[in-house]
Amino acid sequence: MAHTLHIRRGGRIILLVIGIAISVFAARAAPAQQAPASAGPVSQQLIDDLVAANRILADQGVLDGWGHVSVRHPLDPNRYLLSRSRAPELVTADDIMEFDLDSNPVDAKGRDLYSERFIHGEIYKTRPDVMAVVHSHAPALIPFGITKTPLQPVYHRSAFISAGVPVFEIRERGGMTDMLIRDRALGHALADALGDHPAALMRGHGAVIVGPSIQRVVGRSIFLPLSATLQLQAAALGGQVTYLDAEEARKIEAREGYGLARSWEAWKRKAMAKP
Ligand code: MN
(Lines give C-alpha, C1' and ligand atoms only; values in the text may rest on other atoms or scores of the structure.)
Protein backbone atom coordinates (compact mmCIF):
# COMPACT_ATOMS: atom_id res chain seq x y z
CA MET A 1 0.00 0.00 0.00
CA ALA A 2 2.71 2.45 1.09
CA HIS A 3 4.77 1.27 -1.85
CA THR A 4 1.92 2.07 -4.31
CA LEU A 5 1.46 5.49 -2.77
CA HIS A 6 5.15 6.18 -3.20
CA ILE A 7 4.93 5.23 -6.89
CA ARG A 8 1.90 7.50 -7.35
CA ARG A 9 3.73 10.39 -5.75
CA GLY A 10 6.75 9.69 -7.90
CA GLY A 11 4.51 9.65 -10.98
CA ARG A 12 3.01 13.00 -10.03
CA ILE A 13 6.46 14.50 -9.59
CA ILE A 14 7.50 13.19 -13.00
CA LEU A 15 4.32 14.63 -14.55
CA LEU A 16 5.00 17.93 -12.79
CA VAL A 17 8.56 18.00 -14.16
CA ILE A 18 7.31 17.19 -17.67
CA GLY A 19 4.67 19.90 -17.28
CA ILE A 20 7.27 22.50 -16.32
CA ALA A 21 9.53 21.37 -19.17
CA ILE A 22 6.65 21.76 -21.66
CA SER A 23 5.74 25.23 -20.43
CA VAL A 24 9.37 26.37 -20.55
CA PHE A 25 9.65 24.97 -24.08
CA ALA A 26 6.35 26.61 -25.09
CA ALA A 27 7.52 29.94 -23.68
CA ARG A 28 10.70 29.63 -25.74
CA ALA A 29 8.87 28.45 -28.82
CA ALA A 30 6.34 31.31 -28.54
CA PRO A 31 8.54 33.69 -30.53
CA ALA A 32 7.93 31.16 -33.35
CA GLN A 33 5.58 34.09 -34.13
CA GLN A 34 8.98 35.52 -35.00
CA ALA A 35 9.61 37.79 -37.93
CA PRO A 36 9.92 35.93 -41.25
CA ALA A 37 13.34 35.84 -42.94
CA SER A 38 14.17 38.31 -45.67
CA ALA A 39 14.29 37.09 -49.26
CA GLY A 40 17.29 39.35 -49.74
CA PRO A 41 17.94 42.84 -51.07
CA VAL A 42 16.20 44.09 -54.21
CA SER A 43 17.53 46.48 -56.85
CA GLN A 44 17.45 50.21 -56.24
CA GLN A 45 15.52 50.44 -59.51
CA LEU A 46 12.63 48.41 -58.10
CA ILE A 47 12.54 50.48 -54.89
CA ASP A 48 12.64 53.67 -56.98
CA ASP A 49 9.76 52.38 -59.13
CA LEU A 50 7.69 51.55 -56.04
CA VAL A 51 8.36 54.99 -54.54
CA ALA A 52 7.46 56.57 -57.89
CA ALA A 53 4.26 54.50 -58.04
CA ASN A 54 3.22 55.92 -54.65
CA ARG A 55 3.97 59.50 -55.72
CA ILE A 56 2.36 59.14 -59.16
CA LEU A 57 -0.88 57.66 -57.82
CA ALA A 58 -1.11 60.45 -55.22
CA ASP A 59 -0.28 63.11 -57.84
CA GLN A 60 -2.94 61.73 -60.19
CA GLY A 61 -5.57 61.85 -57.44
CA VAL A 62 -5.95 58.05 -57.38
CA LEU A 63 -4.60 57.50 -53.87
CA ASP A 64 -5.56 59.66 -50.92
CA GLY A 65 -3.80 59.52 -47.57
CA TRP A 66 -4.86 55.91 -47.09
CA GLY A 67 -4.40 53.95 -50.30
CA HIS A 68 -1.33 51.83 -50.97
CA VAL A 69 0.69 50.08 -53.67
CA SER A 70 2.91 46.99 -53.35
CA VAL A 71 5.16 44.84 -55.52
CA ARG A 72 6.00 41.14 -55.21
CA HIS A 73 9.60 40.42 -54.24
CA PRO A 74 11.52 39.49 -57.41
CA LEU A 75 13.62 36.86 -55.61
CA ASP A 76 10.85 35.15 -53.64
CA PRO A 77 7.16 34.88 -54.63
CA ASN A 78 6.34 34.54 -50.92
CA ARG A 79 7.42 38.06 -50.05
CA TYR A 80 6.19 41.48 -51.07
CA LEU A 81 7.30 45.09 -50.61
CA LEU A 82 5.05 47.84 -49.26
CA SER A 83 5.59 51.17 -47.53
CA ARG A 84 5.22 51.61 -43.80
CA SER A 85 1.96 53.33 -42.85
CA ARG A 86 2.46 56.66 -44.60
CA ALA A 87 0.58 58.87 -47.08
CA PRO A 88 1.65 57.72 -50.57
CA GLU A 89 2.69 61.21 -51.65
CA LEU A 90 5.29 61.26 -48.85
CA VAL A 91 6.73 57.76 -49.31
CA THR A 92 10.52 57.49 -49.73
CA ALA A 93 12.88 54.54 -50.27
CA ASP A 94 13.48 54.31 -46.50
CA ASP A 95 9.78 53.62 -45.92
CA ILE A 96 9.69 50.46 -48.06
CA MET A 97 9.36 47.29 -45.98
CA GLU A 98 9.32 43.55 -46.74
CA PHE A 99 6.41 41.28 -45.72
CA ASP A 100 5.60 37.58 -45.96
CA LEU A 101 2.28 36.56 -47.54
CA ASP A 102 0.61 36.45 -44.10
CA SER A 103 1.55 40.15 -44.07
CA ASN A 104 4.02 39.85 -41.19
CA PRO A 105 6.87 42.36 -41.55
CA VAL A 106 10.43 41.01 -41.91
CA ASP A 107 11.80 43.84 -39.78
CA ALA A 108 9.21 46.25 -38.40
CA LYS A 109 11.81 48.47 -36.66
CA GLY A 110 8.94 49.76 -34.54
CA ARG A 111 7.23 51.31 -37.54
CA ASP A 112 3.44 51.53 -37.95
CA LEU A 113 1.97 49.23 -40.61
CA TYR A 114 -1.00 49.72 -42.93
CA SER A 115 -3.93 47.99 -41.22
CA GLU A 116 -5.18 46.82 -44.64
CA ARG A 117 -1.89 45.24 -45.78
CA PHE A 118 -3.69 41.84 -45.78
CA ILE A 119 -5.23 42.88 -49.12
CA HIS A 120 -1.79 42.53 -50.68
CA GLY A 121 -0.61 39.31 -48.99
CA GLU A 122 -3.83 37.41 -49.68
CA ILE A 123 -3.95 38.44 -53.36
CA TYR A 124 -0.31 37.43 -53.90
CA LYS A 125 -1.21 34.04 -52.36
CA THR A 126 -4.08 33.34 -54.74
CA ARG A 127 -2.75 35.02 -57.90
CA PRO A 128 0.73 33.81 -58.92
CA ASP A 129 0.48 35.98 -62.08
CA VAL A 130 0.10 39.20 -60.08
CA MET A 131 3.32 41.15 -59.48
CA ALA A 132 1.86 44.43 -58.18
CA VAL A 133 -1.26 45.45 -56.25
CA VAL A 134 -2.96 48.82 -55.66
CA HIS A 135 -5.66 49.53 -53.08
CA SER A 136 -7.42 52.82 -53.84
CA HIS A 137 -10.41 54.86 -52.65
CA ALA A 138 -10.72 56.67 -56.02
CA PRO A 139 -14.06 58.53 -55.63
CA ALA A 140 -15.15 57.99 -59.25
CA LEU A 141 -15.31 54.22 -58.62
CA ILE A 142 -17.55 54.38 -55.55
CA PRO A 143 -20.92 54.79 -57.38
CA PHE A 144 -20.31 51.53 -59.27
CA GLY A 145 -19.71 49.62 -56.04
CA ILE A 146 -22.94 50.79 -54.40
CA THR A 147 -25.36 50.46 -57.32
CA LYS A 148 -26.24 47.66 -59.71
CA THR A 149 -24.66 49.47 -62.67
CA PRO A 150 -21.54 47.55 -63.71
CA LEU A 151 -18.36 49.29 -64.81
CA GLN A 152 -17.90 49.00 -68.59
CA PRO A 153 -14.86 49.32 -70.86
CA VAL A 154 -15.90 52.66 -72.34
CA TYR A 155 -12.65 53.55 -74.12
CA HIS A 156 -9.37 52.01 -75.21
CA ARG A 157 -7.55 52.77 -71.94
CA SER A 158 -9.99 50.65 -69.98
CA ALA A 159 -9.99 47.65 -72.33
CA PHE A 160 -8.51 45.61 -69.50
CA ILE A 161 -11.90 45.46 -67.71
CA SER A 162 -13.65 43.89 -70.69
CA ALA A 163 -14.31 40.73 -68.66
CA GLY A 164 -16.07 42.78 -65.97
CA VAL A 165 -15.19 44.15 -62.55
CA PRO A 166 -16.62 42.12 -59.65
CA VAL A 167 -17.93 43.92 -56.56
CA PHE A 168 -16.79 42.67 -53.16
CA GLU A 169 -19.60 42.82 -50.60
CA ILE A 170 -17.86 42.70 -47.23
CA ARG A 171 -21.15 41.98 -45.41
CA GLU A 172 -21.35 38.58 -47.06
CA ARG A 173 -18.09 37.46 -45.48
CA GLY A 174 -17.61 39.74 -42.48
CA GLY A 175 -21.08 40.88 -41.41
CA MET A 176 -21.14 44.42 -40.08
CA THR A 177 -17.57 45.74 -40.08
CA ASP A 178 -15.85 49.13 -40.25
CA MET A 179 -15.35 48.24 -43.96
CA LEU A 180 -11.58 47.75 -43.63
CA ILE A 181 -9.69 44.60 -44.58
CA ARG A 182 -8.14 44.23 -41.15
CA ASP A 183 -7.17 40.55 -41.18
CA ARG A 184 -6.18 37.63 -43.38
CA ALA A 185 -9.70 36.18 -43.50
CA LEU A 186 -11.16 39.37 -44.97
CA GLY A 187 -8.16 39.68 -47.30
CA HIS A 188 -8.78 36.13 -48.49
CA ALA A 189 -12.49 36.88 -49.03
CA LEU A 190 -11.55 39.90 -51.14
CA ALA A 191 -9.01 37.87 -53.15
CA ASP A 192 -11.80 35.32 -53.70
CA ALA A 193 -14.11 38.01 -55.07
CA LEU A 194 -11.34 39.33 -57.33
CA GLY A 195 -10.88 35.86 -58.82
CA ASP A 196 -8.83 36.10 -62.01
CA HIS A 197 -9.96 39.67 -62.80
CA PRO A 198 -7.59 42.66 -63.02
CA ALA A 199 -9.72 44.70 -60.59
CA ALA A 200 -12.52 44.44 -58.05
CA LEU A 201 -14.63 47.13 -56.43
CA MET A 202 -15.09 47.13 -52.67
CA ARG A 203 -18.65 48.25 -51.89
CA GLY A 204 -18.72 51.60 -50.11
CA HIS A 205 -14.94 51.70 -49.77
CA GLY A 206 -12.82 51.59 -52.92
CA ALA A 207 -11.12 49.11 -55.18
CA VAL A 208 -8.24 46.75 -55.66
CA ILE A 209 -6.34 46.72 -58.93
CA VAL A 210 -3.69 44.14 -59.87
CA GLY A 211 -1.19 43.72 -62.68
CA PRO A 212 1.92 42.00 -63.99
CA SER A 213 4.22 44.97 -63.14
CA ILE A 214 4.30 48.22 -61.18
CA GLN A 215 3.93 50.26 -64.37
CA ARG A 216 0.94 48.25 -65.58
CA VAL A 217 -0.89 48.40 -62.25
CA VAL A 218 -0.26 52.16 -61.98
CA GLY A 219 -1.63 52.67 -65.51
CA ARG A 220 -4.71 50.55 -64.75
CA SER A 221 -5.28 52.38 -61.44
CA ILE A 222 -5.19 55.75 -63.23
CA PHE A 223 -7.37 54.74 -66.19
CA LEU A 224 -10.04 52.87 -64.22
CA PRO A 225 -11.49 55.92 -62.39
CA LEU A 226 -11.16 57.98 -65.61
CA SER A 227 -13.20 55.33 -67.40
CA ALA A 228 -15.79 55.36 -64.59
CA THR A 229 -16.18 59.15 -64.95
CA LEU A 230 -16.54 58.85 -68.73
CA GLN A 231 -19.18 56.13 -68.32
CA LEU A 232 -21.19 58.38 -65.99
CA GLN A 233 -20.89 61.29 -68.44
CA ALA A 234 -22.00 59.12 -71.37
CA ALA A 235 -24.99 57.88 -69.36
CA ALA A 236 -25.88 61.49 -68.48
CA LEU A 237 -26.09 62.33 -72.19
CA GLY A 238 -28.88 59.77 -72.44
CA GLY A 239 -29.56 57.24 -75.14
CA GLN A 240 -27.62 54.17 -76.09
CA VAL A 241 -23.95 53.91 -75.18
CA THR A 242 -21.51 51.83 -77.23
CA TYR A 243 -18.85 50.10 -75.18
CA LEU A 244 -15.75 48.34 -76.46
CA ASP A 245 -16.47 44.99 -78.03
CA ALA A 246 -14.73 42.00 -76.42
CA GLU A 247 -12.69 41.54 -79.60
CA GLU A 248 -11.63 45.19 -79.65
CA ALA A 249 -10.64 44.86 -76.00
CA ARG A 250 -8.60 41.74 -76.73
CA LYS A 251 -6.67 43.50 -79.51
CA ILE A 252 -5.95 46.50 -77.30
CA GLU A 253 -5.01 44.27 -74.38
CA ALA A 254 -2.46 42.42 -76.50
CA ARG A 255 -0.59 45.71 -76.74
CA GLU A 256 -1.38 47.14 -73.28
CA GLY A 257 2.24 47.41 -72.22
CA TYR A 258 3.35 49.23 -75.38
CA GLY A 259 3.82 52.95 -75.04
CA LEU A 260 3.26 52.79 -71.30
CA ALA A 261 6.91 53.71 -70.68
CA ARG A 262 6.19 57.05 -72.32
CA SER A 263 3.36 57.83 -69.89
CA TRP A 264 5.33 56.41 -66.95
CA GLU A 265 8.25 58.77 -67.65
CA ALA A 266 5.97 61.80 -67.77
CA TRP A 267 3.89 60.78 -64.72
CA LYS A 268 7.06 60.09 -62.76
CA ARG A 269 8.82 63.34 -63.64
CA LYS A 270 5.78 65.37 -62.63
CA ALA A 271 5.18 63.46 -59.38
CA MET A 272 8.83 63.36 -58.28
CA ALA A 273 9.30 67.09 -58.97
CA LYS A 274 7.00 67.81 -56.03
CA PRO A 275 8.85 68.57 -52.79
MN1 MN B 1 -9.03 51.25 -47.66
Side-chain angles (χ1 to χ4, degrees), residues 50-51 53-72 80-91 95-97 99 101-105 108 111-127 130 132-147 151 161 165-195 197-211 214 217-229:
L50 186 54
V51 170
N54 276 273
R55 305 290 194 95
I56 290 168
L57 290 171
D59 181 55
Q60 296 285 323
V62 173
L63 295 187
D64 54 17
W66 290 276
H68 17 93
V69 48
S70 70
V71 65
R72 197 192 289 270
Y80 69 91
L81 305 171
L82 175 72
S83 169
R84 72 179 166 105
S85 177
R86 200 168 194 205
E89 69 180 292
L90 302 178
V91 165
D95 297 317
I96 304 301
M97 301 175 62
F99 295 85
L101 297 195
D102 285 340
S103 297
N104 299 308
R111 292 171 287 186
D112 286 339
L113 311 177
Y114 289 128
S115 52
E116 293 194 284
R117 62 191 181 280
F118 305 99
I119 291 172
H120 303 263
E122 298 307 311
I123 289 175
Y124 288 125
K125 271 183 201 172
T126 59
R127 287 284 298 272
V130 165
V133 175
V134 166
H135 167 51
S136 116
H137 302 153
L141 298 176
I142 302 299
F144 295 89
I146 61 179
T147 62
L151 271 174
I161 59 161
V165 179
V167 177
F168 173 62
E169 173 48 85
I170 195 168
R171 280 182 206 163
E172 283 173 10
R173 301 290 284 266
M176 292 297 162
T177 62
D178 65 357
M179 307 301 287
L180 301 190
I181 306 296
R182 290 190 181 277
D183 57 34
R184 279 160 48 193
L186 285 172
H188 182 73
L190 174 61
D192 241 16
L194 174 68
H197 291 83
L201 300 181
M202 301 155 76
R203 193 264 308 159
H205 176 177
V208 63
I209 300 101
V210 301
I214 291 178
V217 87
V218 164
R220 289 174 173 186
S221 301
I222 290 171
F223 295 125
L224 191 59
L226 285 180
S227 185
T229 302

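When a ligand or atom number is given, it counts from 1 through the structure's own listing order.
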>> Is any side-chain heavy atom of Leu180 closer than 4.5 Å to one of Leu186?
In response: no

Taken in chain and number order and not counting sequence neighbours, the residues that satisfy salt bridge (charged side-chain N to carboxylate O under 4.0 Å, His left out) with Glu89 are none

Discussion item. Check whether Arg184 reaches the backbone of Phe118 with its side chain - one donor and one acceptor, N or O, closer than 3.5 Å.
Written reply: no

Close side-chain approach of Val218 and Val62, heavy atoms under 4.5 Å = no

So, leaving waters aside, the tally of protein N/O/S atoms less than 2.8 Å from the Mn ion (ligand 1) stands at 4

Per side chain to side chain contact (heavy atoms under 4.5 Å, CB included), Leu57 is matched among Ser221, Ser136, Pro88 by Ser221

Open item on the list: Angle between ring planes, His120 versus His68, binned at 30° and 60°: parallel, tilted or perpendicular?
Closed with: tilted

